**Q** 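Sharing a structure below in structure tokens format, with a few things to ask.
Since this is a predicted model, take the numbers as computed values, not measurements.
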Amino acid sequence: MLAGKRLLLIIGGGIAAYKALDLIRRLRERGAAVTPVLTRAGSEFVTPLSVAALAGEKVFTDLFDLTDEAEMGHIQLSRSADLVVVAPATADLMAKMAHGHANDLASTLLMATDTQVLLAPAMNVRMWDHPATQRNLATLLGDGLRIVGPNSGDMACGEYGPGRMAEPLEIVAAIDAALGQGPLTGKRIIVTSGPTHEPIDPVRYIANRSSGAQGTAIARALAALGAEVVFVTGPADVPPPAGVRVVPIETAQQMLQAVEEALPADAAVFAAAVADWRVASASGSKIKKDAGRLPTLEFAENPDILAGVSAHATKRPALVVGFAAETDDVIAHATAKRARKGCDWIVANDVSPATGIMGGAENAVHLITPEGCEDWPRMGKQAVADKLAARIATALAATQPADKTKA
């Protein structure tokens, strides 16, 4: 799908720069031409010679190279590509872009371009979480830039969390999507994620255990394939992915309202761990401990969001995917749940403490469909998400487009 496309690849300074070499190889395998720009910091991690050898083109490095200015000025260089890709996009490069700095070739090209820009951020987890980086990210998204990643995982510095650059094939998929060629381009998909918190009083609540990591990974994978993702998330441990529409909620009733407002959609993936019950009459003030006396709590059942959307008379998505977190008889319970809820697929997993899946970096799932059960091997949560997103793309390709009228 990338045959004949010209890409301007800006390689920032960070340990993830080594992935840019594989990215160049993957892009050229698909017929794309890659013009590389290597920052001074980037050349500390990969050499201009290795980049040029893989790209098959000259590497541009210096804003003040008069020979290059005579052959191809930086204005022309910034506008001759179909897409500008920044991988890795460091905190420094993102800050320059957000604030309009242009003091080297890379930042000048990014200021001068009228071409769409795709960023693949990579940095230490503390740098990614820093308020300044998050402000810069919000500015760049508001300016219309696209983001792929970052992923969560072990860092070269020894820390763990979001900040790892997306893998080369994830970036290739995001490039396809940015060029309007992703298999989910034009599709709207709702993804729910995280737990819900059902208040008992202002300081206490009922919840299910959920980090939100799997739902976040799914939203990221779908967006990378070109989908318009509405990400409805409870109070999760992991930050939401970039490049999607985030709708934060607290309770199951708020999640139901957000999902209904996002309909119609082509597909819906219900990965959230919604609390089954809520306190019927939550206290407006903190319930005080009274020695020898326990409070009486009356419970009410929360709305069944998965079953409700599956049975929607006018706005049911073409594909509805539920999740089943089980501790015993996983496949049997998940199969029964799919029939009971009326959804198309169920993604089931064993969350028994011994598996280490709840709150961990890996997952081992079973995909329950009308055709039966598929057992997927244990893999990272992003890999699970990528595989599920590819299956969703294949399934939707066989359906008629949904009504795109926005609610």
**Q** Within the 4.5 Å heavy-atom criterion, are R164 and E167 side-chain neighbours or not?
**A** yes
**Q** Can a side-chain donor-acceptor contact be found between R40 and T61 if the only test is distance below 3.5 angstrom?
**A** no
**Q** Tell me whether R28 contacts the main-chain N or O of V34 through its side chain, where contact means a donor paired with an acceptor under 3.5 Å.
**A** no
**Q** For the pair E298 and R278, find out whether any cationic side-chain nitrogen is under 4.0 Å from an anionic carboxylate oxygen.
**A** no
**Q** Verify whether one side chain among N302 and D276 offers a donor that lies under 3.5 Å from an acceptor in the other.
**A** no
**Q** Please determine which of R316, R338, R391 meets the salt bridge (Lys or Arg N to Asp or Glu O under 4.0 Å) test together with D344.
**A** R316
**Q** With rounding to the nearest 0.5 angstrom, report the CG to CG distance, L8 to D82.
**A** 11.0 Å
**Q** Quick one: ring-ring contact (aromatic ring centres under 6.0 Å, His included) partners of F45, sequence neighbours excluded?
**A** none
**Q** Is D201 salt-bridged to K288, cutoff N-O under 4.0 Å?
**A** no
**Q** Is the closest basic N to carboxylate O distance between R6 and E57 below 4.0 Å?
**A** yes
**Q** Just by distance, no angles: are the side chains of T251 and Q253 close enough, under 3.5 Å, to form a donor-acceptor pair?
**A** no
**Q** Does a donor on one side chain sit under 3.5 Å from an acceptor on the other, for N136 and T139?
**A** no
**Q** Please lay out, stage by stage, how V37 and I11 fare under the test side chain to side chain contact (heavy atoms under 4.5 Å, CB included).
**A** CA-CA 6 Å; V37 174; I11 304 173; over 6 Å; no
**Q** Name all residues meeting the side chain to side chain donor-acceptor pair (under 3.5 Å) criterion together with R25; count only those two or more places apart in sequence or in a different chain, and write none if there are none.
**A** D22, E29
**Q** Under 3.5 Å, is there a donor-acceptor pair between the T196 and E198 side chains?
**A** yes
**Q** Exactly one of H99, M97, K96 should register a side-chain contact (heavy atoms from CB on, under 4.5 Å) with S107. Which one does?
**A** K96
**Q** Quick one: do V347 and L388 satisfy side chain to side chain contact (heavy atoms under 4.5 Å, CB included)? Show the steps, please.
**A** CA-CA 9 Å; V347 180; L388 181 62; 4.2 Å; yes
